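In what follows, chains carry the letters A, B, and so on, assigned in the order in which the sequence lines appear, proteins first and then strands, with residues in each chain numbered from 1. Owing to the predicted nature of the structure, the values given are computational and were not obtained by experimental measurement.
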Amino acid sequence: MRHHTIHLFRKGLRLHDNPALLAALQSSEVVYPVYILDRAFMTSVMHIGALRWHFLLQSLEDLRSSLCQLGSCLLVIQGEYESVVRDHVQKWNITQVTLDEEMEPFYKEMEANIRGLGEELGFEVLSLMGHSLYNTQRILELNGGTPPLTYKRFLRILALLGDPEVPVRNLTAEDFQRCSPPELGLAERYGVPLPTDLKIPPESISPWRGGESEGLHRLEQHLADQGWVASFTKPKTIPNSLLPSTTGLSPYFSMGCLSVRSFFYRLSNIYAQAKHHSLPPVSLQGQLLWREFFYTVASATPNFTKMAGNPICLQIRWYEDAERLHRWKTAQTGFPWIDAIMTQLRQEGWIHHLARHAAACFLTRGDLWISWEEGMKVFEELLLDADYSINAGNWMWLSASAFFHQYTRIFCPVRFGRRTDPEGEYIRKYLPILKNFPSKYIYEPWTASEEEQKQAGCIIGRDYPFPMVDHKEASDHNLQLMKQVREEQYRTAQLTRDDADDPMEMKLKRDLSEENLPKTKAARMTEQA
DNA sequence: CGTCCCGTTGGTCTG
DNA sequence: CCAGACCAACGGGAC
């Protein structure tokens, strides 16, 4: 059967390793490449901010241009996705819709709705996995139905599965010539809108440009240095270097401008030629597998992006403090290292992984004791590489709510950054107000004398805020809170377990009595004293 | 069931 | 300058 097909781009904004689009071209006499720009969805479900809008529109423009070069086009149709599909299926006599399979609940729901429409209107739906290395369902099965909760265990499952599927071949003009492009006139009617058309602020000083072409260009630049690729070890990269010390390819992966499978195999080839190469978790390939790890856990965990109702997430009564949250979000904490990070995030939409750690630890268990969900929302809006599963997973990690539990390890907002950038060049770049501050004080400018502040041209408290908390005091306090939370949690777990096993009141009482509760060393010391 | 090992990237001190 | 011990001590998972 020769189909009339709509290929629906959602992520996967690329022509290389695009299995669903390839299948569309091979099975159709006409293919309509469509991107549905659903602004309400983007704003209320995806929560994308201005920088991400720019990145998306640039990616669409690049995709349109590449499709045109191959004799096709891209139709960007604005509207609610279900009614757009319904309208055009009838208008264009569509018999097939192809799309990438995605794992986020809202994208799954979208696909289910399109399948429902297919049954109603009589078209077929073909979805193929293009955004991840493995089928997460297979990983779950091999782990006995539950997601592996440690990376090590996850890797062991992957070893059973072997290498991921190889990428499909690049699309060529011949592929597109075998079937007709959309009618003339449609391309003009459904062009890629400009930011101003969508009332998005036009100015953008982000150094990241969206699109497959730019992504491939950056990828080639990095892969050219084979020694660097082979010896890459993540923790040794520098969070506050003025240019990214990692690949900075994440925005392109999150939107599917680059294929993770293609990258995986490019890395494998380089490793095969190198005498020595680093290994997961710290290697470059290991980074791709971290992404996969969080996808897997997220796909099998209810309420993964929330605390409430999330079975793997520690339940904590975080403070609600709109003012402190706002100051954190808008780079006004008074800790230059944290504020520089948040400034880079706001201006460029990308910060180093360790910088994310520092900022996240500060907001949650480190200093402010504000819910990781709030931080996650801010990152979702501002990070170009924001990804549903990875974002939530890392916020739980950093807040010691799941995956990571050694809550005594707290990032110091003063000393952590100073280790790799003692002169504070990163701070000077993103907080120009502190440009002339002496290096000695730049991570804690409030310790400079009035005279020194005057000389540096920045009075703390007037030109730049005082720190919003005393880090030492706050982190000690939070440490105690975290200890309490964990003891409480144990008590609750004990209660529910015994409830299920043995409802007898006597047993409950016995197990909940003081001497049967676990004691921290600190508690034991107090007792002795 | 208990015990022990170890974990992608803290901080501090010592040798 | 760097490696390693220690801090205080969690929880998943192996045994």
Side-chain angles (χ1 to χ4, degrees), chain A residues 143-144 146-157 231-241 245-246 250 278-294 296-297 301 311-316 337-338 341 351-362 364-367 390 393-394 396-422 443 471-472 474-476 478-494 497 501 511 516-526:
Chain A
N143 195 50
T146 57
L149 291 178
T150 60
Y151 187 72
K152 275 272 146 68
R153 188 174 170 85
F154 176 74
L155 289 183
R156 283 222 313 280
I157 307 282
S231 62
F232 183 93
T233 39
K234 186 61 169 287
K236 291 200 177 137
T237 58
I238 299 179
N240 41 14
S241 59
S245 60
T246 49
S250 51
S278 51
L279 292 168
V282 296
S283 65
L284 266 183
Q285 218 168 44
Q287 306 312 300
L288 284 183
L289 300 179
W290 274 107
R291 178 178 183 274
E292 214 67 14
F293 171 72
F294 287 120
T296 307
V297 185
T301 306
I312 65 167
C313 181
L314 194 61
Q315 303 295 304
I316 295 174
W337 159 241
I338 301 294
I341 290 168
I351 48 179
H352 186 276
H353 193 65
L354 281 174
R356 300 177 195 205
H357 282 204
C361 185
F362 185 87
T364 58
R365 67 189 166 87
D367 291 79
I390 305 172
N394 276 307
M396 280 189 268
W397 187 297
L398 261 299
S399 60
S401 298
F403 307 111
F404 174 84
H405 314 282
Q406 285 161 279
Y407 58 85
T408 54
R409 295 186 178 179
I410 293 169
F411 291 81
C412 175
V414 170
R415 278 159 303 191
F416 186 76
R418 191 147 58 190
R419 254 192 350 209
T420 44
D421 179 20
Y443 282 87
H471 167 67
K472 179 88 182 66
S475 59
D476 282 354
N478 292 356
L479 217 66
Q480 296 311 312
L481 285 179
M482 187 60 88
K483 223 177 275 181
Q484 277 173 30
V485 167
R486 281 164 195 276
E487 279 174 23
E488 253 170 61
Q489 211 86 159
Y490 185 90
R491 195 189 284 260
T492 316
Q494 201 68 11
R497 197 184 315 138
D501 292 346
D511 286 353
N516 277 325
L517 280 175
K519 290 206 178 85
T520 59
K521 192 174 178 186
R524 284 196 297 272
M525 304 265 284
T526 323

Checking dT8(B), dA8(C), dA14(C) against the side chain of Arg153(A) (C-beta onward), the nearest is dA14(C)
Here the pair of heavy atoms bringing Arg365(A) nearest to Arg409(A) is NH1-O, 2.7 Å
Does the side chain of Thr237(A) come under 3.5 Å of the side chain of His352(A) through a donor N or O and an acceptor N or O?
yes
Here the distance between atom P of dT9(B) and atom CG of Leu279(A), to the nearest Å, is 16 Å
### Message
Using the P atom as the point on both nucleotides, what is the distance between dC2(C) and dT8(B), in whole Å?
### Response
25 Å
For dG11(B) versus dG11(C), give the span between their C1' atoms, rounded off to a whole number of Å.
22 Å
Any Val297(A) side-chain heavy atom under 4.5 Å of Phe154(A) side chain
no
Out of dG7(B), dT9(B), dT8(B), minimum distance to the side chain of Trp290(A) belongs to dT8(B)
dA9(C) -> Watson-Crick or G-U wobble partner, both distances under 3.5 Å, gives none
To the nearest angstrom, the NE2-P distance between His405(A) and dG10(B) comes to 15 Å
With respect to the phosphate group of dA9(C), does any side-chain polar atom (N or O) of Arg409(A) fall under 4.0 Å of OP1 or OP2?
no
task = Remember a base hit wins even if backbone is also touched, and classify Phe403(A) as base, sugar-phosphate or nothing at under 4.0 Å, heavy atoms.
result = nothing
P gap between dT14(B) and dA8(C), integer Å: 15 Å
Exercise for review: Determine the contact category for Arg356(A): base if any of its heavy atoms lies under 4.0 Å from a base atom, sugar-phosphate if only primed atoms, P, OP1 or OP2 are that close, otherwise nothing.
Suggested key: nothing
Whole-Å distance, Met396(A) CE to dC10(C) C1', equals 17 Å
Test side-chain contact (heavy atoms from CB on, under 4.5 Å), reference Leu155(A), set Thr150(A), Leu289(A), Leu279(A), output is Leu289(A)
Taking a pair to mean Watson-Crick or G-U wobble geometry with both distances below 3.5 Å, dC13(B) pairs with dG4(C)
Next on the checklist: Counting only side-chain nitrogens and oxygens, does Lys483(A) get under 4.0 Å of the OP1 or OP2 atom of dA9(C)?
Outcome noted: yes
note: Asp476(A), atom CG; dT12(B), atom C1'; distance rounded to Å ~ 14 Å
Whole-Å distance, Phe154(A) CZ to dT8(B) P, equals 12 Å
Exercise. For nucleotides dG13(C) and dC1(B), find the distance between their C1' atoms and express it as a whole number of Å.
Key: 14 Å
note: Ile157(A), atom CD1; dG12(C), atom C1'; distance rounded to Å ~ 14 Å
Problem set entry | Minimum side-chain heavy-atom gap Tyr151(A)-Trp290(A) below 4.5 Å | yes
Is any side-chain nitrogen or oxygen of Lys152(A) closer than 4.0 Å to OP1 or OP2 of dG7(B)? yes
Minimum side-chain heavy-atom gap Ile312(A)-Phe403(A) below 4.5 Å | yes
Can you tell me if Arg486(A) touches the phosphate of dG11(C), counting only side-chain N or O atoms and a distance under 4.0 Å to OP1 or OP2? yes
- request: Answer yes or no: does a side-chain N or O of Arg156(A) lie under 4.0 Å from OP1 or OP2 of dA14(C)?
  value: yes
Among dG12(C), dT8(B), dG11(B), the one nearest any side-chain atom of Thr150(A) is dG12(C)
With the six-membered base ring of dT8(B) as reference, does the ring of Tyr151(A) sit under 5.5 Å away with planes under 30° apart? no
To the nearest 0.5 Å, atom NE2 of His405(A) lies from atom CG of Leu314(A) at 9.0 Å
Between CZ of Phe416(A) and P of dT9(B) the distance, given in whole Å, is 11 Å
Paired to dT8(B) by Watson-Crick or G-U wobble criteria (both distances under 3.5 Å) is none
Here the distance between atom P of dC10(C) and atom CD of Gln484(A), to the nearest Å, is 14 Å
Notebook entry, point to check: Between Arg415(A) and dT12(B), is there a side-chain N or O to OP1/OP2 distance below 4.0 Å?
Noted result: yes
Checking dA8(C), dG10(B), dT8(B) against the side chain of Phe411(A) (C-beta onward), the nearest is dG10(B)
